[in-house]
Amino acid sequence: MPLVPAKCTNCGAPLLVDDALDAAICPYCNTAYIVEKAVNNYNITNNITAGVVNIYGDVKSDFVIESGVLKEYTGASTDVVIPDTVKVISKDAFCGNKYLTSLQIPDS
């Protein structure tokens with residue numbers, strides 16, 4: 001069974017999928033997804049026109065940050081390290097993250 005990297009089309013969780021299958025279920029959010037779309041989701045290239053773009057290693061898409069304010073965490077990790085560029089955490093930033101077990105807050 002050849003496993004290839006993919007991302008859930010609903011929650012964005014990293015997955016390894018059998019590309020010979022047509023569909024599967026995300027083990028993180030229990031959403032059914034089409035395997036081809038999940039594989040294509042892993043290989044998305046974004047062309048961004050902006051004055052400032054913050055990129056955070058493997059988890060760049062896990063955080064919605066606007067002007068130093070963490071608006072939302074959208075990742076699937078249970079152990080989260082908030083980027084140093086965050087100055088304020090909004091009250092609903094982790095709303096709905098019921099599996100979060102640890103949170104590392106930067107000095108900033």
Side-chain angles (χ1 to χ4, degrees):
M1 161 170 51
L3 296 179
V4 296
K7 282 191 178 183
C8 175
T9 56
N10 182 52
C11 72
L15 306 169
L16 285 176
V17 298
D18 180 351
D19 63 351
L21 298 177
D22 291 329
I25 304 269
C26 175
Y28 298 97
C29 69
N30 293 321
T31 299
Y33 61 88
I34 297 171
V35 171
E36 182 180 0
K37 286 184 180 181
V39 171
N40 290 340
N41 194 28
Y42 183 80
N43 296 311
I44 290 176
T45 300
N46 292 316
N47 295 318
I48 301 170
T49 303
V52 175
V53 177
N54 296 319
I55 299 177
Y56 306 103
D58 300 288
V59 293
K60 63 183 177 277
S61 63
D62 290 351
F63 299 95
V64 176
I65 302 170
E66 297 174 6
S67 301
V69 177
L70 175 58
K71 297 285 190 174
E72 184 179 8
Y73 173 69
T74 59
S77 178
T78 58
D79 302 306
V80 176
V81 178
I82 297 176
D84 288 334
T85 57
V86 171
K87 306 297 181 210
V88 176
I89 301 171
S90 70
K91 68 177 185 170
D92 296 327
F94 295 95
C95 184
N97 295 99
K98 60 184 176 181
Y99 299 111
L100 191 64
T101 58
S102 73
L103 183 64
Q104 184 176 340
I105 300 173
D107 292 336
S108 63

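Start at 1 with the first residue, then count along the sequence. If you're wondering where the values come from, they're calculated on a predicted model, not measured in any experiment.
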Name the one of Leu100, Ile105, Asn97 that satisfies side chain to side chain contact (heavy atoms under 4.5 Å, CB included) with Val80?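 For Val80, the side chain to side chain contact (heavy atoms under 4.5 Å, CB included) check succeeds only for Leu100.
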Would you mind telling me which of Leu16, Asp18, Asp19 makes a side chain to side chain contact (heavy atoms under 4.5 Å, CB included) with Val4?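 Per the side chain to side chain contact (heavy atoms under 4.5 Å, CB included) rule, the option paired with Val4 is Asp19, out of Leu16, Asp18, Asp19.
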Nearest-0.5 Å distance, CD1 of residue Ile25 to OG1 of residue Thr31: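 One finds 8.0 Å between CD1 of Ile25 and OG1 of Thr31.
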So which heavy atom on [X] is nearest to which on [Y], and how close?
X     : Y      : value
Pro83 : Pro106 : O-CG, 3.4 Å
Ala6  : Val17  : CB-CG2, 3.9 Å
Thr9  : Tyr33  : OG1-CB, 3.5 Å
Lys71 : Ser90  : O-OG, 3.2 Å
Asp79 : Ser102 : OD1-OG, 2.7 Å
Cys29 : Asn10  : SG-ND2, 3.5 Å

I'd like to know if the side chain of Thr101 reaches the main chain of Thr78, judged simply by a donor and an acceptor atom lying under 3.5 Å from each other, with no hydrogens or angles considered.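 Between the backbone of Thr78 and the side chain of Thr101 there is a qualifying donor-acceptor contact (under 3.5 Å).
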When hydrophobic residues are tied together by side-chain contacts of less than 4.5 Å, even through go-betweens, does Tyr73 share a cluster with Val64?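 Not linked; separate clusters.
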A side-chain contact here means heavy atoms from C-beta on lying under 4.5 Å apart; do [X] and [Y] qualify?
X     : Y     : answer
Phe94 : Ile89 : yes
Leu15 : Pro27 : yes
Pro5  : Pro14 : no
Asp22 : Val35 : no

Would you say NZ of Lys37 has more than 12 non-hydrogen atoms from neighbouring residues, nucleotides or ligands within 6.0 angstrom?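 Atom NZ in Lys37 is not crowded, with 12 or fewer foreign heavy atoms closer than 6.0 Å.
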Are a donor atom and an acceptor atom from the side chains of Ser77 and Asp62 found within less than 3.5 Å of each other?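 The answer is no; no qualifying pair exists.
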